[in-house]
Undergrad: 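Would you mind keeping the following structure in view while I ask a few things?
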Protein chains: 2
Amino acid sequence: MSRRTRLNQEMITNKALEIADRNGMETVTMAALAGELTIKSPSLYNHFKGLTEVKQAMSVKAIDLLYQHLKEAGIGKKEGSETIRAIGKAYIEFAKQHPGTYDASITAPYPYSENFQLAGEAIVGLIRESLSVYSLNEKEIMHVVRGLRSLLHGLVDLKRKGGFNLQVDIEDSQEMSLETFINGLNR
Amino acid sequence: MSRRTRLNQEMITNKALEIADRNGMETVTMAALAGELTIKSPSLYNHFKGLTEVKQAMSVKAIDLLYQHLKEAGIGKKEGSETIRAIGKAYIEFAKQHPGTYDASITAPYPYSENFQLAGEAIVGLIRESLSVYSLNEKEIMHVVRGLRSLLHGLVDLKRKGGFNLQVDIEDSQEMSLETFINGLNR
DNA sequence: TTGCAAAAACTAATGGCGTTAGTTACAATG
DNA sequence: CATTGTAACTAACGCCATTAGTTTTTGCAA
């Protein structure tokens, strides 16, 4: 029998992201990963140096997936608030649909991966373009990009960590907060 | 010799927060905690059911400390933007000074602790007061509170996770992002 | 002050994790 | 078909949380 296709880094990384999305990032262990790939955990060391390296690979793939998702959301939108709104909503949606992958995307791998850095800069570039209608200098642009990213991450992360008591709809809060920030860009 | 004062939950919780601030939340283990208290780890089970319960106690104490810090920052400030600015800066400063305690404060204990909920609501109340100058209804207030909390948490968390490439000053970004959000409250 | 019960320390052991070392099976290449 | 490298395996170690069972300490009542 067998006839099993040989395992490689990509297949392992995909399975790891799948587990993270299904059961949470903290359940991605060498044992769980090996189990789902129907091998024993020491065999994984033929492909990765250790769990840290697996997580690095997850980060790189994850931030790239996030970038693709945000890019598509921005296509065809008018520059300025319309694009920012679209990207912001896509960010929140991505985190909701792929919680584990999102988690992986915000954990910067150490040591720093070039691919991770590149994908991160691509996302910055995406937002940067949408800001061209506001007259901001280079530094101000970076501040705004960081602020927007922070707001979006905070909205996503606090929801996930149970930081909001219910009663008031969370998605409404996310939408309204984004509007407040966008509104604040006009001075 | 000895004459050691009997250990209790409070002393253990304080030591746990101390370790978290010094070496990071992930280094708070039963073994490390016991080691610093010069006992063996099974002895901790005379005081807590397990690590989860220790972390619950940390959360409760941590969010209360955060609340005290924010409350003091708001004293004597004019309502509205001035108070929001003060509380926001205090939030960021707290996370910088006490990274482990901050970490504990945003991880909602499960099962939900009443004390945790109360301290959380106290923080909401603090921000709520500062918003009275803006004419917002109940729901809108909650949205703004959540948005502000999210922005602040995002700014703090992304910095910690290495989500900002350097070059542009992070503290400037934090300050400017807060201003953008505050500015967005005027419509 | 002494004796006793409760509290809190201890040792020993289990099972799960990441990881390493050493060994075997497979599969591609000549 | 033989060889060689790849990728699987088993066995073992150290660290972790946790449990069970035992001994020491402590506070209080007689």
Undergrad: Rounded to the nearest angstrom, tell me the gap between atom CG in B/N8 and atom C1' in C/dA9.
TA: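 Roughly 15 Å, once rounded to whole Å.
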Undergrad: Between C/dA8 atom P and B/Q9 atom CD, what is the distance in whole Å?
TA: 10 Å
Undergrad: Would you kindly give the CG-to-P distance between B/L44 and C/dA9, to the nearest whole Å?
TA: 8 Å
Undergrad: Within the pair B/H47 and C/dA9, is there a side-chain N or O less than 4.0 Å away from OP1 or OP2?
TA: yes
Undergrad: Quick one: are the ring centres of A/H98 and A/F94 less than 6.0 Å apart?
TA: yes
Undergrad: Is B/S59 reaching over with its side chain to a backbone N or O of B/A104, donor-acceptor style, under 3.5 angstrom?
TA: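 Side chain of B/S59 to backbone of B/A104, a donor-acceptor pair under 3.5 Å: yes, one is there.
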Undergrad: Whole angstroms only, please: what is the CG-C1' distance between A/L37 and D/dC9?
TA: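 So the two atoms are 16 Å apart, to the nearest Å.
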Undergrad: Can you check the A/I39 CD1 to D/dA7 P distance for me, whole Å?
TA: 11 Å
Undergrad: Before accepting this row, confirm whether a basic side-chain N of the pair B/K89/B/E171 lies closer than 4.0 Å to the acidic partner's carboxylate O.
TA: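 Looking at B/E171 together with B/K89, the answer is no, because their closest N to O distance does not fall below 4.0 Å.
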Undergrad: Roughly how many Å is it from NZ in B/K40 to P in C/dA13, rounded to a whole number?
TA: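 Taking atom P of C/dA13 as the reference, NZ of B/K40 is at 16 Å.
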Undergrad: Can you tell me if B/S43 touches the phosphate of C/dA8, counting only side-chain N or O atoms and a distance under 4.0 Å to OP1 or OP2?
TA: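 No.
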Undergrad: Separation of A/F48 atom CZ from D/dA8 atom C1', in whole Å?
TA: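 About 17 Å, once rounded to whole Å.
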Undergrad: Does anything in residues 120-137 of chain A pair up under salt bridge (charged side-chain N to carboxylate O under 4.0 Å, His left out), and if so which pairs, sequence neighbours excluded?
TA: A/R128-A/E138
Undergrad: Is the closest side-chain heavy-atom distance between A/L178 and A/L148 below 4.5 Å?
TA: yes
Undergrad: Grab the N/O contacts between the protein and nucleotides 17-19 of chain D below 3.5 Å, and write none if there aren't any.
TA:
| residue | atom | partner | partner atom | Å |
| --- | --- | --- | --- | --- |
| D/dA17 | OP1 | B/M30 | N | 2.7 |
| D/dA17 | OP2 | B/M30 | N | 3.1 |
| D/dA17 | OP2 | B/A31 | N | 3.0 |
| D/dT18 | OP2 | B/Y45 | OH | 2.8 |
| D/dT18 | OP2 | B/L51 | N | 2.8 |
| D/dT18 | O5' | B/Y45 | OH | 3.1 |

Undergrad: If I take atom CZ in residue A/R6 and atom P in nucleotide C/dA27, what distance separates them, rounded to the nearest angstrom?
TA: 8 Å
Undergrad: Using a strict 4.0 Å threshold on nitrogen-to-oxygen distance, state whether A/R85 and A/E175 make a salt bridge.
TA: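 Looking at A/R85 and A/E175, the cut-off is not met.
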Undergrad: For the base of C/dA9, is there a side-chain donor-acceptor partner from B/N46 under 3.5 Å away?
TA: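 Answer yes: a donor N or O sits under 3.5 Å from an acceptor.
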